[in-house]
Structures are given as C-alpha cells and as structure tokens.
Amino acid sequence: MRVMEYKKTDALCRVFMALALAALTAAIYLNALGNGFVYDDHSQIVGNPWIKDIRYLPEIFLSHSFGFLGDDFAALSYRPMVFVVYMAEYAVFGLKPWGWHLINSLLHVVNSVMVFLTISRLLEDYRVSDTCAQSQPVFHIPAFFGAVLFAVHPVNSEPVSWVGCVPELFYAFLCLTVLYGHIKTFGDRAVPPPKGLAYPVLTGVLFFLAVLFKETAIFLPALLLVYDRMRAKDGGFFSVQKMVRYVPYAAAAAVYLAARWLALGRIAPPQQYHSYLSALEYLLNAPVFIVHEALMLLYPNAVPFRLLKPVLSVTEPDFLFSLAFLCLLAVLFLWNRKKVHPLYIIAFSLVALPLLPTLYSPAISRFPLADRYLYFPSIGFALFLALAVRRLVNYGMNVERRVYVWVLTGAFAALAVCSSWSAEKRSLVWKDDLTLWSASAVKDPENYYAFYNLGIAYFRGARMNEGVLMMKASVAANRLMAHPDKVMLASAHMSLARAYGETGLVREAKNEYREVLRFSPADRSAFALLKSLCDGTIDPGGLTAMPDAASLPVVEPVLVSHFTDAPPDRCL
C-alpha cells in the first residue's frame, strides 16, 4: 500500500514540475513569436522551391542542403529532414513567421521537459543512499533546477529564436528520446532487457532521423557507450549481449554515410573557408575552440555570428591558456578518478561529445563559434548543476543546516531570473535582419560580414544611403583582416555597384564592377554589366536586375585586364 502511495506521489510530483517547467519556458520565449525571417531563412525558406511542392521530396533526399540554389553552390551538408519539416510548416503556416517560431518554441518546451525527465531518471538510477531512494524530491528537485537552467540559458536563445535552427532542436529531441529510453531500459538491473526487434529497430530509426536532421548527432552511440561503461561496475561490459545493443546504431550510421556519399560525393565536405589554415593550425585551434565553447556555458556573451580569430602559433596566449586548462582537467580527473562519481563523467560527456563533430566547422563556416552548437552540450551543464543541487539537498537534510540551503536556493533563483531576462532580451535580437546584424556589428566592429548583411538589410528597406555606408564599412573592415575574405569583398563591391547604378552614379558603378573583377576575375555577371555600361547598351537603372550568369559567355582574362586597368571615367 505504501509503495502504491509513493508511486502515485512520485508521478504527481513529476507531472507538476514538468507542467511548471513547460509554462516557464513558454513564457520566456513568448516574444519570439513576433520575430521574422533572418539571414539564411530568406534563401532556405522564403525563396526555396523545395518546401513548396511535395514533388521535390526525392530531390531533397538526393541532394545537399543547398542543392536548390543550383550546381554552383558547394555541397557542405546533408540534412534532408530539415526540409521535410519546412515543407510541413509551409503547408500549415505559409510564410507567416509567427507559425515557424511557434514550432521552435514548442520544440524547446518539449526538450526542456525531456531534460527534466532524463536528469531525474539519471539521479534515480544512481541512488546515493537508501534514505534518498525513499524521497522522490531528492531526484525531482535537482532535476527541475537543472532543467530550468537549460530552458532559460542565454546561449539557447539563438536556436530557439532563429527559425533556421530547426536542426538543433529536432536532433536534440531525438537524441534525448533515445537516451531516456536507454536509461530506462538498461539502467535498472532489476528489469530484464526487452526481447524482440521492436526496441532496437525503433532506436535505430530515431538515431537515423537525428543524423538526417544534423550530422552532429553521430556522437549519440558514444554517449550511450559512456553511460553503459559507467553502469558496468561488475564487469562484462564487452560481452556480446551488451555489444548487440549498438548494432542498430551501426546499421543506421552506415546507411546515413552511404546516403551522404551519394548526395555530397564524399563523406567530409571540402574546405570552403579559412583555407589559409594548415593542418597543424587546425590542430592548434581545436583546444581553443573546445575551451571557448565550454566557457560560453559559464559566461555567455551576446555576440551573434562571431568571426573566427584563429591562433597561428603555439606561443599565442589563447592556445597556451586552452592547453593548460585541458591539461588541468585531465590531471584532476586522473588524480581523483576513483572518487569521481559516474554522473560527473556522464555530464562531462554530454558537454564534450557533441562538440567534437563541430571541430570541422571552421572549414565549412565563417562562424564556427556559434551558440547553437551549445544547445545539446547545455544539457550536460544542466546535469552538473543538478548534481550540485542534489548535494545541497542531502546536506540540508540536517535541520541545523537548512539556513544554508535557503541561501543557496535564493542564489539559484536569482541566477534563473537573470538568465531568463538575458534569454528574453537576446531573443529580440533575432527580430529581423536589422536588429540581428546591428547587434553583431556593435559587439564586434571588425565583423565585415555583419556590416555587409546590415547593408543588404538597408537596401531591402530602400534605405540606399545607409546601405552604401555599411557596404563601405564592410570593405574597409575586410581589407584590414590578416587574411581578407575575397569572396565577400567581391560581393560587397557588387552590391555597391548595383546601388550606384540604381541611383544613376554610372562612374561609381563602373569602378565598383572593376573591383569585383579584381577579386573575382571570372565573374560573368560583373563583366557583362561593366561592358554594357561602357558600351552604353544598358540603362543604369537596369543594373538592379542581375543577368543569368550561366547564360553569359566565359570571361576572357585579356578582356578583364582591359576593363579593370582603364581610367575611372572610361573603360578602354
């Protein structure tokens, strides 16, 4: 009878806390429903034909993520399930941004509840004493505190407030579902493992869907392996019975890699950015990247789209600090490895393992230091907090010590309030392109990409003078970089040429087209428009319509030199 009452109370406690957590999370990101489409949303959603017709489904699964832009765009990623979700959202909401943001917010609410349930199950799985085993708040209160931190952590405002972060939200949900099921199925030794194929097939399918949303999810089997290793204190970890658990994940990974090979033509995408970095310099930046992202969980800043400023030598302070920090952690772990509780190792794995696949991001992104990469690692940070709270709860069971518990509870409440305020404020940064890129440019005056996109936003709003100023600022900041981004220099000059042409400033437009050809000599559109201006066969106002590059003849280098070397007031 007492067992039944305990289970009923336990269930009611879980439900109440889950509902409170869901309400808090939804309230924090209510303002995100007023945000619009920003940055990649304009191409991947607004201008994407794939999501507007179901007949494109085969092409979605057989092409890379930017295949809808044509063959000229580099094949950098394979995430077909993202466009399936976009297709469903478009069918329901059309191009009304509030509906798309509603889906993001609901996914974050569900993920927050899943974090609560998962941490609660982990704490219950590792009972610290018989007394704790009979007191459900010992599991649920720390889990609730940790889940609240995950829900309101400022770094998660980017994936929740930006429609384009659907991959992070969905792969996190699927991985959490598999992890929770794994803990519930294999964590309690008193319950025999399930028989039949239903469970392994289901977990394999969920994992397969997760990597189809984002390749980062490939870390999941390693995380489950860490959990199983922490549970296998009695030996037998490498038994055939336990290794069979991973067959579905291996099969799903093999199918995914084969599909990725067909879509991209290779497993790893080609290096697209930061080509000046050597293999050794990539290696030097790995510890810097890991430490920087981990410290962001402790002290998040508010700089969206931070440019990478890589280390190029072993003597640079960032590298030395990062290496010393990682070595210190390794020494502390080895020194106390027999005393370290398994849950701390699991928490560390939750933070570190999802970051490992992102180490390649400098090769395929201008912004490898992004908050969205910390969405799943923040679950590990939440578990660390839950473990600290559990120790506090156990410490406070003595009546004489409860004053300390109340003091630290108040400190946590203050932390939660500050984090909520910061998350809500940062969510407004993603309202539109002007607010997004203004925030980025203000925080980082060297961010030429922010100035460029801010100029584009002004041009879209017919604010030509401000747009020109931002484009000039982008060019100036870019030229000051140790390794200027020639692609963005050409794009900025092209935008300036079109702006000058629209306002009738023909001479300035010619000069800008010449700059485009200096950085991108094979640009057919720039060459054709410059030639037309010089020949007088095009009206300056017609420069706003870009010609189809594929229909233009190949640019001859000799002709390019004739046009680029001519004086400003004439072409030849």
Side-chain angles (χ1 to χ4, degrees), residues 25 28-29 31-32 35 38-41 77 82 101 104-105 107-108 111-112 115 149-173 175 213-217 219 285 288-309 350-362 364-382 384-385 415 418-433 435-444 447 449-450 453:
T25 309
I28 294 300
Y29 286 103
N31 61 357
N35 291 355
V38 298
Y39 190 38
D40 280 349
D41 297 343
S77 61
V82 174
H101 285 285
N104 277 35
S105 298
L107 281 169
H108 185 55
N111 286 340
S112 299
V115 168
L149 178 65
F150 169 80
V152 304
H153 201 297
V155 298
N156 291 335
S157 62
E158 177 177 320
V160 180
S161 305
W162 180 17
V163 170
C165 285
V166 157
E168 273 73 22
L169 298 169
F170 262 106
Y171 102 72
F173 167 71
C175 289
F213 271 106
K214 192 164 186 180
E215 58 279 353
T216 308
F219 76 88
N285 281 277
V288 177
F289 179 86
I290 291 290
V291 171
H292 182 279
E293 292 291 84
L295 293 179
M296 283 287 293
L297 292 171
L298 291 172
Y299 183 71
N301 61 41
V303 185
F305 296 106
R306 298 181 296 277
L307 286 176
L308 176 67
K309 298 176 181 177
L350 282 165
V351 174
L353 290 178
L355 289 177
L356 294 180
T358 66
L359 290 177
Y360 191 67
S361 58
I364 58 175
S365 174
R366 288 187 177 88
F367 313 105
L369 302 175
D371 287 355
R372 60 186 179 276
Y373 298 147
L374 292 171
Y375 188 72
F376 201 94
S378 65
I379 300 172
F381 189 60
F384 274 121
L385 178 68
L415 174 65
C418 292
S419 296
S420 301
W421 174 80
S422 179
E424 186 177 18
K425 183 179 178 182
R426 291 174 71 168
S427 179
L428 295 175
V429 169
W430 298 85
K431 182 176 180 61
D432 54 43
D433 284 308
T435 57
L436 172 62
W437 297 110
S438 293
S440 183
V442 168
K443 293 288 184 178
D444 184 6
N447 193 337
Y449 199 76
N453 281 281

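Numbers for residues simply follow the sequence, beginning at 1.
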Any residue meeting side-chain hydrogen bond (donor to acceptor under 3.5 Å, both in side chains) with His101, in chain and number order, not counting sequence neighbours = none
Sequence neighbours excluded, which residues qualify as side-chain hydrogen bond (donor to acceptor under 3.5 Å, both in side chains) partners of Asn447?
-> Ser440
Residues passing the side chain to side chain contact (heavy atoms under 4.5 Å, CB included) test with Ala294, sequence neighbours excluded, are none
Calculate, to the nearest 0.5 Å, the distance between atoms OG and CG belonging to Ser427 and Asn35 respectively.
-> 5.0 Å
Results of salt bridge (Lys or Arg N to Asp or Glu O under 4.0 Å) for Lys309 - residues two or more places apart only = Asp444, Glu446
Salt bridge (Lys or Arg N to Asp or Glu O under 4.0 Å) involving Asp433 - partner list, sequence neighbours excluded = Arg460
Measure the OH-CD distance between Tyr373 and Glu158 for me, rounded to the nearest 0.5 Å.
-> 9.0 Å
Return the set of residues passing side chain to side chain contact (heavy atoms under 4.5 Å, CB included) with Val429 (not counting sequence neighbours), or none when no residue passes.
-> Pro304, Leu436, Ala439
Counterpart residues, side chain to side chain contact (heavy atoms under 4.5 Å, CB included), relative to Ile379 (two or more places apart) = Val115, Phe150, Leu176, Leu350, Phe376
Quick one: sort the Trp437 and Phe367 rings into parallel, tilted or perpendicular, breaks at 30° and 60°.
-> tilted
Sequence neighbours left out, what pairs pass side chain to side chain donor-acceptor pair (under 3.5 Å) with at least one residue falling in residues 290-299?
-> none
Go through the structure and list residues passing side-chain hydrogen bond (donor to acceptor under 3.5 Å, both in side chains) with Ser378, not counting sequence neighbours.
-> Asn156
In this structure, CZ of Phe384 is separated from CZ of Phe381 (nearest 0.5 Å) by 9.0 Å
Within a radius of less than 6.0 Å around CZ of Phe219, do more than 12 heavy atoms belonging to other residues, nucleotides or ligands occur?
-> yes
Distance col, row Arg426:CZ vs Ser161:OG, nearest 0.5 angstrom, shows 9.5 Å
Do the side chains of Val160 and Leu107 get nearer than 4.5 Å, heavy atoms only?
-> no
Any side-chain heavy-atom pair of Ser157 and Tyr29 under 4.5 Å = yes
Partner residues of Leu359 under the side chain to side chain contact (heavy atoms under 4.5 Å, CB included) criterion, sequence neighbours left out | Ala286, Phe289, Ile290, Leu356
Can you tell me how far CZ of Arg366 sits from CZ of Phe305, rounded to the nearest 0.5 angstrom?
-> 12.0 Å
Is any side-chain heavy atom of Leu169 closer than 4.5 Å to a side-chain heavy atom of Asn104?
-> yes
The side-chain hydrogen bond (donor to acceptor under 3.5 Å, both in side chains) partners of Asn453 (sequence neighbours excluded) come to none
Across all chains, not counting sequence neighbours, the salt bridge (Lys or Arg N to Asp or Glu O under 4.0 Å) partners of Asp41 are none
